[in-house]
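Here is how names work: the chains are called A, B, and so on, in the same order as the sequence lines, proteins then strands, and each is numbered from 1. All values below come from the heavy atoms of this structure, side chains included, with hydrogens, waters and symmetry mates left out. Note that the structure is a prediction, hence the values are computed from the model and not measured.
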Amino acid sequence: MKIASFNINGIKARINALPDWLDEADADVILLQEIKSVDEAFPREIFEDRGYIVETHGQKGFNGVAILSKLPLEDVTRGLPGDDSDEQARWIEATVIGDQRPVRVCGLYLPNGNPTPGPKYDYKLAWMERLQARAQALLAIEEPFLMAGDYNIIPQDEDAKRPEAWAKDALALPQSRAAFRRIVNLGFTEAFRARTQGPGHYTFWDYQAGAWNRDDGIRIDHFLLSPQCADLLTDCQIDKDIRARDKPSDHVPIWVTLDA
DNA sequence: ATGCCGAATAGGATTCGA
């Protein structure tokens with residue numbers, strides 16, 4: 001089972017660039033972030049024509065997540081539990097019925113949190129506390145599940161070309177990194193680091209100042225696997241080349257393959 | 001580098017992103 005995550009930075013803006021990657025990647029399950037679309041306006045046909053079930057959780061203008069699957073889905077839920085007043089569309093879950101076993105899949109778009117300090121950073125940290133609570137609840141079931149998407153967290157200095165430029169940013173502040181580690185340390189495996197070590201691996205390059213041409217990137221899109229899911233991991237890769245194409249997102253896809 | 005670019009909403013200039 002191949003599961004990909006991709007922050008597309010707007011489905012309308014990616015209408016032309018997305019189909020090529022869809023056909024090349026041939027993922028069974030795709031988690032999208034920043035669809036920037038209400039559910040009714042999402043171009044389902046692009047995906048349905050390729051055999052995907054489409055489950056969106058959108059809102060007007062910003063944010064928005066989706067799950068696309070060629071495998072059957074069960075128990076789709078929308079919204080991160082823990083705050084009924086939170087109207088930002090950043091979380092969707094579904095159980096994917098694999099050929100060998102089911103896998104619970106959570107797609108997330110974690111708040112950016114800048115500027116710091118301030119209400120946006122407070123929201124980020126509060127959202128991460130809710131994420132931790134949801135993660136604990138799912139871990140207790142002791143079944144294969146994963147949480148993947150745009151975490152807006154640079155886990156370590158080696159995950160940025162210029163760590164000094166991010167030192168006081170919400171993506172890399174010690175408090176942000178500690179909140180991320182509290183979740184990982186519950187027992188998750190960070191899939192990319194389970195297979196690849198060392199610097200120079202990024203999933204985001206800013207549109208500005210020629211960041212892509214200077215390879216001035218950061219690694220902020222992650223897969224966290226439950227222990228039972230980590231046992232199934234066979235590969236994890238970043239589709240870096242996508243960033244060099246016409247009208248790219250500022251993020252690139254990351255994917256795992258599972259023996260499931 | 002202090003938003004340098006890009007997208008959405010709106011229908012021009014502002015907000016947001018990382």
Side-chain angles (χ1 to χ4, degrees), chain A residues 5-18 21 31-43 46 56-66 86-91 107-125 127-128 131 148-177 179-180 192 199-222 238 240 242-254:
Chain A
S5 170
F6 191 1
N7 180 326
I8 56 175
N9 190 18
I11 186 63
K12 297 179 190 73
R14 226 55 63 206
I15 289 286
N16 292 320
L18 202 50
W21 173 77
L31 306 171
L32 298 179
Q33 300 90 40
E34 282 206 89
I35 63 174
K36 296 187 178 180
S37 166
V38 294
D39 296 334
E40 307 76 59
F42 191 79
I46 294 174
T56 59
H57 180 40
Q59 68 178 89
K60 187 178 176 71
F62 302 101
N63 306 323
V65 290
D86 184 2
E87 296 185 349
Q88 299 193 30
R90 297 179 175 275
W91 179 265
L108 68 94
Y109 176 43
L110 205 148
N112 171 305
N114 283 303
T116 66
K120 291 191 175 182
Y121 193 54
D122 295 341
Y123 174 68
K124 176 176 193 152
L125 295 177
W127 203 93
M128 293 184 80
L131 174 58
D150 179 358
Y151 279 75
N152 271 319
I153 293 284
I154 303 168
Q156 303 197 101
D157 281 353
E158 66 174 0
D159 298 309
K161 178 68 170 287
R162 296 183 303 127
E164 68 283 359
W166 299 94
K168 293 179 179 174
D169 191 281
L171 278 63
L173 279 174
Q175 201 176 354
S176 305
R177 288 178 169 176
F180 180 70
F192 187 78
H201 303 285
Y202 312 124
T203 64
F204 170 92
W205 296 258
D206 202 300
Y207 289 120
Q208 302 175 82
W212 167 249
N213 290 327
R214 295 186 288 113
D215 196 26
D216 182 8
I218 51 178
R219 195 175 69 89
I220 57 174
D221 298 85
H222 311 298
I238 297 166
K240 179 176 181 177
I242 299 296
R243 187 64 177 78
R245 297 187 183 176
D246 289 338
K247 298 287 288 179
S249 171
D250 40 9
H251 294 250
V252 296
I254 176 174

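Each of A/I218 and A/K60 was assigned the nucleotide of DNA chain B with the nearest heavy atom; the assignment lying further toward the 5' end belongs to A/K60.
Taking atom CD of residue A/Q208 and atom C1' of nucleotide B/dC4, one finds them 5 Å apart after rounding to whole Å. Protein atom CD of A/E34 is 13 Å distant from nucleotide atom P of B/dC16, rounded to whole Å. For A/R214 and B/dA1, the CZ to C1' distance is 10 Å, given to the nearest whole Å. Rounded to an integer number of Å, the gap from CG of A/D250 to P of B/dC5 is 14 Å. Distance A/Q88 CD to B/dA8 P: 17 Å, rounded to the nearest Å. Distance, A/F62 CZ to B/dG6 C1': 12 Å, rounded to whole Å. With rounding to whole Å, A/Q59 atom CD is found 19 Å from B/dA7 atom P. Rounded to an integer number of Å, the gap from CD1 of A/I220 to P of B/dG17 is 12 Å.
Heavy atoms of A/A13 sit under 4.0 angstrom from primed sugar atoms or phosphate atoms, though from no base atom. A/N63 comes within contact range of no nucleotide atom at all, as no heavy-atom separation falls under 4.0 Å. A/N9 comes within 4.0 angstrom of sugar-phosphate atoms only, judged by non-hydrogen atoms across all strands, and of no base. Residue A/Y151 is out of contact with every strand shown, counting any heavy-atom pair closer than 4.0 Å. In this structure, A/D216 reaches neither bases nor backbone, as no heavy-atom distance under 4.0 Å exists between it and the strands shown.
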Output, in order, the C-alpha distance, side-chain angles, deciding distance and verdict of side-chain contact (heavy atoms from CB on, under 4.5 Å) for A/L110 and A/M128. CA-CA 8 Å; A/L110 205 148; A/M128 293 184 80; 3.8 Å; yes

Test A/D221 against A/Y202 for side chain to side chain donor-acceptor pair (under 3.5 Å), laying out the working first. CA-CA 9 Å; A/D221 298 85; A/Y202 312 124; over 6 Å; no

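When distances are taken from the side chain of A/Y109 to each of B/dC4, B/dC16, B/dG17, the shortest belongs to B/dG17.
Aromatic ring orientation, A/W127 versus A/W91: perpendicular (interplanar angle above 60°, classes split at 30° and 60°).
A/L31 places none of its side-chain heavy atoms less than 4.5 Å from the side chain of A/V65.
For A/E164, the CD atom is densely surrounded, since the number of other residues' heavy atoms within 6.0 Å is greater than 12.
Taking the C1' atoms as reference points, B/dT15 lies 12 Å from B/dG3, given to the whole Å. To the nearest whole angstrom, the two C1' atoms, one in B/dG17 and one in B/dC4, are 14 Å apart.
With sequence neighbours left out, A/Q88 forms a side chain to side chain donor-acceptor pair (under 3.5 Å) with A/N63, A/R90. Applying the side-chain contact (heavy atoms from CB on, under 4.5 Å) rule to A/D206 yields the partners A/F204, A/Q208, A/A211; only residues at least two apart in sequence or on another chain are considered.
Within a heavy-atom distance below 4.0 Å of DNA chain B, the residues of residues 116-124 of chain A found are A/K120.
Phosphate contact (OP1/OP2 of B/dT9, side-chain N/O of A/K36, threshold under 4.0 Å): absent. At the phosphate of B/dA7, OP1 or OP2 sits under 4.0 Å from a side-chain N or O atom of A/R14.
In summary, the side chains of A/D215 and A/W205 do present a donor paired with an acceptor at a separation below 3.5 Å, with no hydrogens or angles considered.
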